[in-house]
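Written below as structure tokens is the structure these notes are about.
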Amino acid sequence: MDLKERLKQAWREYKERLASGEEADKAKADSLYREMVWPLLLEKWRDEPEIQTWGDIGNVEVSIHTLGNSPEALILAALGLKAKKVVVLYTDHTEKYLDQIERDLGRKIESHRVSKGDPSDIYRAAKRIIDKYSGPIAFDITSGTKAMTAGLASVGFFIKAKAREIEVDVYYVDNNKYDSALRRPVPGSEFLVRLPSPYVAFGELEEERALVLYRNRAFKDAELVFRRMHGELRDGKYQNLAELAHTYARWAALDFKGAEKSLYSLVSFLKSDAAYGDSLRSALPVLDEQLRGLGQLIELVENCEGGRRKSTGCLELLADPDRVGWLARTLLERAEYYYKLEDYNLSALHYYRALELSLQHRLSLKGINPHIFEPDKLGKDVLTRMQAELENAIGESANMPGRGWGLTLLNIASLLIALEDDTVLPLKNDMRKLHGILDARNESLLIHGLSSASKPNVKSLKNFAEKLIDQAFPELPVSAVELKA
């Protein structure tokens with residue numbers, strides 16, 4: 001006969017004994033239960049505890065239990081959780097059960113006396129225990145007074161919501177068959193369950209908070225909230241939203257490879273049958289285009305970094321409006337983000353680089369490498385006009401770049417005007433103004449000086465960059481896809 005059948009038989013015999021009137025009073029009935037039924041129930045929970053909850057419980061470092069007038073459910077919870085350390089919170093009235101708990105568990109426990117009616121006493125005791133132990137912690141609220149169980153549950157759910165570095169779950173021993181006459185669960189019907197956090201009920205509020213963060217382009221903060229929601233609710237959509245936010249967080253940090261890796265994983269999943277019904281599938285055309293753009297952007301960056309800037313391969317890529325457009329539009333998007341935040345120092349850096357990159361592209365279209373000045377290939381008339389444009393911007397002290405030098409933004413703009421580039425010619429009458437703006441940028445705290453970028457100067461730089469980029473490159477989806485509640 002297997003253990004379950006033995007347990008059923010013991011329960012039948014126990015009820016028969018009680019029905020015969022042999023063990024009429026409660027003390028004798030309890031003693032008979034511990035003699036006939038309880039040892040078999042302990043054996044079952046030591047070998048095969050009944051656990052009805054999503055996911056494995058895992059390795060619990062410490063389990064904390066409230067102790068009321070019956071220790072049985074507490075003992076079953078401790079057996080099911082299998083924590084390295086068992087801690088019991090008891091009162092003056094329940095201290096008598098501590099020896100029994102140790103005997104039935106076959107191990108030493110740690111115990112703390114608390115008030116049966118003051119939840120704040122539970123808070124303090126729980127904090128002392130949490131400060132003492134590390135690792136996953138389980139709170140068992142099956143036994144104890146209402147104040148004790150409410151107090152311990154409150155601590156558990158508070159930590160779960162606010163202290164993410166501490167891994168906490170709240171548990172309860174329930175049953176699906178109860179003998180109301182004997183006022184006991186039918187043995188074998190008990191099971192341990194992990195209680196969902198109130199966070200589950202208020203998930204919509206937390207989701208809206210994450211969406212607000214995402215819309216405000218606080219992608220890293222949005223990612224953390226989405227990941228937390230996935231951990232709480234085990235809903236795959238939050239994992240996908242977290243991956244999307246992570247993509248844009250890496251993109252915003254100019255970590256293009258990190259963004260590409262994350263987006264590739266997300267797009268691959270969204271194209272699979274498993275993603276049917278996922279809300280992000282509607283964004284697949286844009287996400288696909290962004291993935292392609294990141295790949296082109298990375299190719300440009302890798303072939304034009306460091307000493308490769310002077311190579312023929314870099315020149316060919318700089319002449320590609322699609323590849324350069326992705327990078328220029330990315331820089332412009334970040335510049336606008338910082339501008340709206342009134343962070344003029346960072347916005348100036350991004351506007352400047354977007355403008356410079358656009359000018360480098362225009363020069364590359366003419367087969368001229370902006371990273372190496374080769375005057376012999378330009379002709380005397382072009383050099384004379386370039387010199388004149390530099391003097392128009394800087395004054396008579398303007399010097400031409402030396403042979404083999406990389407060209408500055410003003411060098412490139414002057415050369416393109418000398419070459420009558422139709423995109424850059426409109427800058428001709430604003431060269432002196434552009435020089436003043438760039439001088440102010442160079443004097444900023446983040447470049448060579450100690451000044452802060454001013455809004456008027458950055459606004460002028462913004463206008464230059466936006467006009468040139470709008471003329472040089474098509475619109476590209478570098479912004480985060482829109483998410484709806």
Side-chain angles (χ1 to χ4, degrees), residues 51-60 136 138 156-157 159-172 191-253 255-295 477 479-485:
I51 300 171
Q52 296 182 16
T53 184
W54 51 260
D56 294 332
I57 290 178
N59 297 319
V60 179
F157 291 132
I159 293 171
K160 199 167 183 64
K162 299 295 183 181
R164 286 293 157 183
E165 69 280 4
I166 305 174
E167 189 177 341
V168 167
D169 278 301
V170 181
Y171 293 87
Y172 183 83
F191 58 91
L192 181 68
V193 61
R194 182 191 284 115
L195 296 182
S197 166
Y199 186 81
V200 172
F202 292 98
E204 289 183 8
L205 295 178
E206 193 72 351
E207 180 177 339
E208 181 56 33
R209 185 168 81 88
L211 291 173
V212 168
L213 290 168
Y214 178 93
R215 290 170 192 142
N216 290 334
R217 294 191 278 187
F219 298 120
K220 188 61 183 176
D221 292 334
E223 177 194 351
L224 292 175
V225 178
F226 283 135
R227 292 205 189 282
R228 191 159 66 234
M229 293 187 73
H230 177 249
E232 284 284 343
L233 307 178
R234 288 298 190 270
D235 188 334
K237 81 170 184 178
Y238 296 120
Q239 184 175 15
N240 295 334
L241 290 171
E243 202 65 30
L244 183 65
H246 180 74
T247 293
Y248 293 133
R250 298 323 309 150
W251 199 337
D255 174 13
F256 304 126
K257 283 190 173 182
E260 182 192 40
K261 180 180 178 181
S262 180
L263 187 55
Y264 177 82
S265 174
L266 177 60
V267 167
S268 297
F269 172 76
L270 291 175
K271 289 181 177 180
S272 70
D273 293 340
Y276 181 79
D278 193 291
S279 60
L280 284 181
R281 280 178 72 110
S282 62
L284 259 176
V286 176
L287 296 177
D288 247 340
E289 180 70 2
Q290 289 181 338
L291 184 59
R292 182 189 69 83
L294 281 167
S479 298
V481 298
E482 183 180 350
L483 295 181
K484 297 179 182 179

Taking all non-hydrogen atoms of both residues into account, name the closest pair between Y171 and I57 and its distance. OH-CG2, 3.7 Å
Please report the interatomic distance CE(M229) to CG(L224), rounded to the nearest 0.5 Å. 13.5 Å
Provide the closest heavy-atom pair for G156 versus V170 in the form atom of the first, atom of the second, distance. CA-CG2, 4.0 Å
Taking all heavy atoms of W251 and all of P477, pick out the closest pair and write down the distance. CH2-O, 4.4 Å
Is there side-chain contact between E260 and L291, with heavy atoms separated by less than 4.5 Å? yes
Report yes or no: does D235 contribute a side-chain atom to a donor-acceptor pair with the main-chain N or O of K237 at less than 3.5 Å? yes
Take N216 and D221 through the test side chain to side chain contact (heavy atoms under 4.5 Å, CB included) and record every step on the way to the result. CA-CA 10 Å; N216 290 334; D221 292 334; over 6 Å; no
Is F219 close to R217 at the side-chain level, that is, under 4.5 Å between some pair of heavy atoms? yes
Test: E243 and K261 ion pair at under 4.0 Å: no
So for atom OH, which belongs to Y264, do other residues, nucleotides or ligands contribute more than 12 heavy atoms lying within a distance under 6.0 Å? no
Flag the pair E289 and R292 as a salt bridge only when some basic side-chain nitrogen lies within less than 4.0 angstrom of an acidic carboxylate oxygen. yes
CG on L263 to OG1 on T247, rounded to 0.5 Å: 5.0 Å
Looking at every heavy atom in both A274 and F269, which two are closest together, and how far apart are they? CB-CE1, 3.9 Å
Test side-chain hydrogen bond (donor to acceptor under 3.5 Å, both in side chains), reference Y238, set E207, R227, R228, output is E207
For L241 and Y214: C-alpha separation, side-chain torsions, deciding distance, then whether side chain to side chain contact (heavy atoms under 4.5 Å, CB included) applies. CA-CA 10 Å; L241 290 171; Y214 178 93; over 6 Å; no
Is there a side-chain contact between F226 and N240 in this structure, where contact means two heavy atoms from C-beta onward sitting under 4.5 Å apart? no
Identify each donor-acceptor pair in which a side-chain atom of residues 279-288 lies under 3.5 Å from a protein atom, sequence neighbours left out, and give them as a table.
residue	atom	partner	partner atom	Å
R281	NH1	L270	O	3.0
R281	NH1	S272	O	3.0
S282	OG	S279	O	3.1
D288	OD1	K271	NZ	3.1
D288	OD2	K271	NZ	3.0

How many angstroms lie between atom CD of E223 and atom OG of S262, to the nearest 0.5 angstrom? 7.5 Å
For the backbone of S479 and the side chain of Q290, can you confirm whether one donor and one acceptor N or O come within less than 3.5 Å of each other? yes
